[in-house]
Amino acid sequence: MVTILTRPRFNVFNVFNVLTLLTLEQAGYSLRPYFSKPGMAKLTVNDLNVRGKRVFLRVDYNVPLEEKDGQFVITDETRIVETLPTLRRLSEQGGKLILVSHLGRPNGEREPAMSLRPVAAKLADLLGRPVAFVDDCIGEKVEKTVGIMQPGDLLLLENVRYYSEEEANDPLFAEKLGQVADVYVNDAFGSAHRAHASTEGVARVVARRGGQCAAGLLMERELKFLGEELENPAHPFVVLLGGAKVSDKILVIDRLLEKADTILIGGAMAYTFRLAQGCKTGKSLVEPDKTDVAKSALAKATERGVKFLLPMDDVVATPVKTDKLDKKGKPLIEYQNVRINTELNCPDDAAGLDIGPGTVKAYSEEVAKAKTILWNGPMGLFEDKRFAEGTNAIARAVAEVTQKNGAKSIIGGGDSVKALNRAKLGDKVSFMSTGGGASLEFLEGKVLPGVAVLTDKN
Ligand code: 3PG
Ligand code: MG
């Protein structure tokens, strides 16, 4: 299975530790061993025979769409492509596949820009066969269409978040979804951290009727790489963490300090660590209220003998507010006077936006020694090419050690995957997660409700 915690040093007779663990359990952590526990495995599609059965298949087709000449075009189809093995397997077996997903956050409204219709077309393209589409996810139209499906057919339903009952995990809504389900399969790892009707409630409905609830092949792979592979990693185990905020990553850092040999920090979150060390951070993005958390991570690293590196130089620039507005309606910031800073203090007028060449070299050397790598979060503001070199160089180093030394490299989803794909190195690493928030929560040790609800394998 899937979850996590219980440290090897843990002494059950110590009352304080017992209380700590109880609190952690209430907070959504499980008391099972570190990243996974064999024997607690979940049913997978390999265990099913779905011939002639109606399979309710939750997928995560929350893909980026862009409007071009009045049409919605999918700009990254990875999440669709990654489910094809599950679709092919179940369809060849003769299951009737009813695909269910959300797209975006329409908040219970029929938001046309968040329709899954373009995904049905893309899916048909990729599979080279028809995929039916119904513009609803519950009700008569759905039931009628399912009623005429033949074994092996595929049907995609409309965005399940057009109903607010989805996110509320409304039991009645789950019943309605479950009307067309004999078997429940969850291949939506990216949504498994959500206890919504289609990711959790409907599985309970199916189970109550004696139906099986299984993980899809993508879900299985995600849990294997982010779970089992990190349970007993080959050493040296090097972890790269970037992104904007320490607060987003601190639980992951805390857990990885138990396993990793080396932790390399990049992205804006490095500046909160620098602030904690008494350095000046200029106009860099920092979380002043998180310096205590940063300090305790640094102390734990020292205590456990984990090499914990912060950038030694960086690329900085002067942020200037413009009259233009960004997508969120905030003033657009322009970065001027881009330069390399070799001091640990950031100049007063500047923000740190990428790791510098010295750091790239030092981090690449650590990566080159690794047998296992976990990378989550970009090293800088890589969307702007002036601040992309740190992230790109790290991507090259990770790809190289994977290809040349056979290191296992696991990319924890979200922006790091985007960065790797942009650098055209996506196929040069061992595994890229399709999860964003889900991968982080899983790495933090949280129980994912979409996994917990699946049938235990006996
Ligand atoms: C994601 O893209 O992170 C998943 O599809 C979940 O979407 P959500 O964050 O809107 O629940
Ligand atoms: Mg998200």
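Atoms within a ligand are numbered from 1 in the order they appear, just like the ligands themselves.
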List ligand 1 atoms under 4.0 Å from [X], heavy atoms only on the residue side.
X	answer
D60	4 (C), 5 (O)
N62	1 (C), 2 (O), 4 (C), 5 (O), 7 (O)
G190	4 (C), 6 (C)
R194	8 (P), 9 (O), 11 (O)

Test item, E167 contacting ligand 1 (heavy atom, 4.0 angstrom) =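 Per 4.0 Å heavy-atom rule, E167 does not contact ligand 1.
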
Ligand 1 contacted by R79 (non-hydrogen, < 4.0 Å) =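 R79: in contact with ligand 1 (<4.0 Å).
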
E67 atom CD, neighbour heavy-atom count above 12 within 6.0 Å |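 Yes.
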
Is it true that the side chains of T83 and D187 contain a donor and an acceptor less than 3.5 Å apart?
->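 Per modelled atom types, T83 and D187 side chains form no pair under 3.5 Å.
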
Are R274 and T281 linked by a side-chain donor-acceptor pair shorter than 3.5 Å?
->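 Side-chain D/A pair, R274 to T281: absent.
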
Purely on distance, is any nitrogen or oxygen of R105 under 3.5 Å from one on ligand 1?
->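 There is such a contact, yes.
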
Judging by distance only, is a nitrogen or oxygen of H193 under 3.5 angstrom from one on ligand 1?
->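 No: no nitrogen or oxygen of H193 is under 3.5 Å from one in ligand 1.
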
Starting from the C-alpha separation in whole Å, work towards a yes-or-no answer on salt bridge (Lys or Arg N to Asp or Glu O under 4.0 Å) for D326 and K328.
-> CA-CA 5 Å; D326 67 10; K328 289 179 186 157; over 6 Å; no

If you look only at distance, which donor and acceptor atoms sit under 3.5 Å apart when one is on a side chain in residues 108-121 and the other is two or more places apart or in another chain?
{"residue": "R110", "atom": "NH1", "partner": "D135", "partner atom": "O", "Å": "3.3"}
{"residue": "R110", "atom": "NH2", "partner": "D135", "partner atom": "O", "Å": "2.6"}
{"residue": "S115", "atom": "OG", "partner": "R117", "partner atom": "N", "Å": "3.1"}
{"residue": "S115", "atom": "OG", "partner": "E158", "partner atom": "OE2", "Å": "2.7"}

Is any NZ, NE, NH1 or NH2 atom of the basic residue among E400 and R396 found under 4.0 Å from an Asp or Glu carboxylate oxygen of the other?
->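 Salt bridge absent between E400 and R396.
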
